Every structure is written in structure tokens, then in C-alpha cells.
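Encoded as C-alpha cells, the structure appears first; notes follow it.
Predicted model, so just to flag it, every value in this text is computed and none were measured. Just so you know, ligand 1 is whichever comes first in the structure, and atom 1 is the first atom listed for that ligand.
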Amino acid sequence: MSESNCLFCKIISHELDAKIVYEDEQVIAIEDINPVAPVHILLIPKKHIESLDKVTEQDSVIVGNIQIIASQIAKDLKLSENGYRVVNNCGKLGGQTVYHIHYHLLGGREFGWPPG
Ligand code: 5GP
Ligand code: ZN
């Protein structure tokens, strides 16, 4: 399941440290090391999937659960009233830099649209 050279697989296996804000059997959520907003959390399935482009029917439960977990963390952090953003960067033009699928939960400031 894990890929030996993958940064997020190493965080998932606790080989590398991260500030974990949520963990269950299938998903881990950590604070981003380089936050771009007052709240910047990464939601990462433990299964090594390279990107959104590589998800299959088999991943539907995990990918669906991530939205529910994002919503719950947002509530816990009192982001619900003012709103927040959940982002997936997919591939080179999408701005993906770590090739293990993850979703950014961003909050605590206003975000522009369209994205840069
Ligand atoms: P991407 O650009 O692939 O959508 O997002 C990758 C994210 O991972 C970036 O926001 C980056 O700051 C974060 N990141 C990169 N290396 C580490 C690390 O070692 N620990 C943590 N917690 N986040 C990281
Ligand atoms: Zn991985």
C-alpha cells in the first residue's frame, strides 16, 4: 500500500513527524508545514493514490469520507459560520507538488476567485 519514496506515506507510517489533527483507519489530517491561511490542514487518504486523476470506483468511500471529515474539522475549528475552502490540486497545471492525493482545508481569511 505505501510507497517507499512518498513523503505523505512516510507521515502516515509515522516515519516522519507531522502535527496530526485527525486520524482514523483510512484518513489522516495534518497541519500544512507551509500554511497559506490561518487554518491550513491537509486531508490525506492512507492509501497511496497518486492524484485525483487516478481515483477509481473502489476509492469512492474514502474520497467521500474526506469531505465529511473536512466538514467536521471545519465545525470543530469554528470555520462554519464564515466559510472555508477545500481544494485539490491535480497534476502539473493544477499545482500539485506531492504526488499522493490530498485535499487542502483552508480557513480563517477570505479567498479570491478565480484562483491564480
Ligand atoms: P500540493 O501542492 O501538492 O497541492 O500540496 C502539497 C502541500 O504539502 C503543500 O501545501 C506543502 O506546504 C505541504 N507539505 C510539503 N511537505 C510537507 C511536510 O513535510 N509536512 C507537511 N505537514 N506538509 C508538507
Ligand atoms: Zn504515498
Side-chain angles (χ1 to χ4, degrees):
M1 192 102 106
S2 76
E3 302 257 317
S4 54
N5 258 337
C6 172
L7 175 68
F8 288 167
C9 282
K10 286 182 181 157
I11 288 174
I12 288 158
S13 67
H14 301 280
E15 199 181 317
L16 288 178
D17 276 342
K19 286 189 186 159
I20 298 170
V21 298
Y22 173 88
E23 184 167 14
D24 65 24
E25 277 186 9
Q26 292 187 321
V27 176
I28 193 168
I30 61 171
E31 289 183 9
D32 197 290
I33 204 167
N34 185 22
V36 299
V39 173
H40 189 169
I41 289 167
L42 301 173
L43 295 118
I44 311 170
K46 291 186 174 178
K47 178 180 175 185
H48 181 89
I49 304 166
E50 258 186 43
S51 73
L52 185 60
D53 201 51
K54 301 284 195 241
V55 293
T56 69
E57 286 276 314
Q58 286 182 321
D59 305 317
S60 60
V61 171
I62 302 178
V63 172
N65 279 348
I66 281 185
Q67 300 220 33
I68 295 164
I69 294 162
S71 162
Q72 191 55 56
I73 293 173
K75 283 186 183 69
D76 292 346
L77 297 178
K78 317 263 183 257
L79 298 176
S80 298
E81 190 183 334
N82 291 318
Y84 53 92
R85 186 171 286 185
V86 177
V87 174
N88 170 262
N89 296 324
C90 179
K92 189 170 163 235
L93 290 187
Q96 186 173 4
T97 58
V98 178
Y99 279 78
H100 178 134
I101 191 172
H102 53 280
Y103 296 79
H104 300 254
L105 170 61
L106 301 162
R109 68 171 173 86
E110 189 166 0
F111 299 103
W113 192 266

### Message
Just checking Asp24: does its CG atom have more than 12 heavy atoms from other residues, nucleotides or ligands closer to it than 6.0 angstrom?
### Response
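Enclosed: over 12 neighbouring heavy atoms sit under 6.0 Å from CG of Asp24.
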#### Entry: Greater than 12 external heavy atoms within 6.0 Å of Glu23's CD
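Buried by this count: over 12 neighbours within 6.0 Å.
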Protein residue, atom and distance nearest to [atom], heavy-atom basis:
atom                    : value
atom 1 (P) of ligand 1  : His102 NE2, 3.1 Å
atom 10 (O) of ligand 1 : Asp32 OD2, 2.5 Å
atom 22 (N) of ligand 1 : Glu31 O, 2.9 Å

### Query
Rounded to the nearest 0.5 Å, how far apart are CG of Asp53 and CG of Asn88?
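Those atoms lie 10.0 Å apart.
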#### Entry: Distance in Å, Leu43 CG paired with Ile69 CD1, rounded so as to fall on 0.5 Å steps
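Going from CG on Leu43 over to CD1 on Ile69, the span is 7.0 Å.
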### Query
Numbering the atoms of ligand 1 from 1, which are under 4.0 Å from a heavy atom of Gln96?
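In order of numbering, the contacting atoms are 3 (O).
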### Task
Go through ligand 1 atom by atom and flag the ones less than 4.0 Å from a non-hydrogen atom of Ile30.
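Taking each heavy atom of Ile30 in turn, ligand 1 has 22 (N) under 4.0 Å.
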[X]: heavy atom below 4.0 Å from ligand 1, yes or no?
X      : result
Ala18  : no
Phe8   : yes
His104 : yes

### Query
How open is the angle at the Zn ion (ligand 2) from atom ND1 of His48 over to atom ND1 of His100, rounded to 10 degrees?
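Between ND1 of His48 and ND1 of His100, the angle at the Zn ion (ligand 2) is about 110°.
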Measure the shortest side-chain to side-chain distance between [X] and [Y] over non-hydrogen atoms and say whether it is less than 4.5 angstrom.
X      : Y      : result
Phe8   : Ile101 : no
Ser71  : Lys75  : yes
His104 : His40  : yes

### Contact (N/O only, under 3.5 Å) between Ile33 and ligand 1
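In this structure, Ile33 places an N or O atom under 3.5 Å from an N or O of ligand 1.
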### Query
Between the candidates Ile41, Leu42, Ile11, which shows the shortest non-hydrogen contact distance to atom 8 (O) of ligand 1?
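Comparing heavy atoms across Ile41, Leu42, Ile11, the nearest one to atom 8 (O) of ligand 1 lies in Leu42.
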### Query
Which option out of Leu106, Thr97, Asn34 puts a heavy atom nearest to atom 3 (O) of ligand 1?
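Shortest heavy-atom distance from atom 3 (O) of ligand 1: Thr97.
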### Message
Can you tell me which portion of Leu7 lies within the under-4.0 Å heavy-atom range of ligand 1? Options are side chain, backbone, both, or neither.
### Response
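Answer for Leu7: side chain.
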### Message
Working note: His102 + His100, criterion ring-ring contact (aromatic ring centres under 6.0 Å, His included); need CA distance, chi angles, decisive distance, verdict.
### Response
CA-CA 6 Å; His102 53 280; His100 178 134; 7.9 Å; no
### Message
Grouping I, L, V, M, F, W and Y whenever their side-chain heavy atoms are under 4.5 Å apart, do Val27 and Tyr99 come out in a common cluster?
### Response
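Shared cluster, no.
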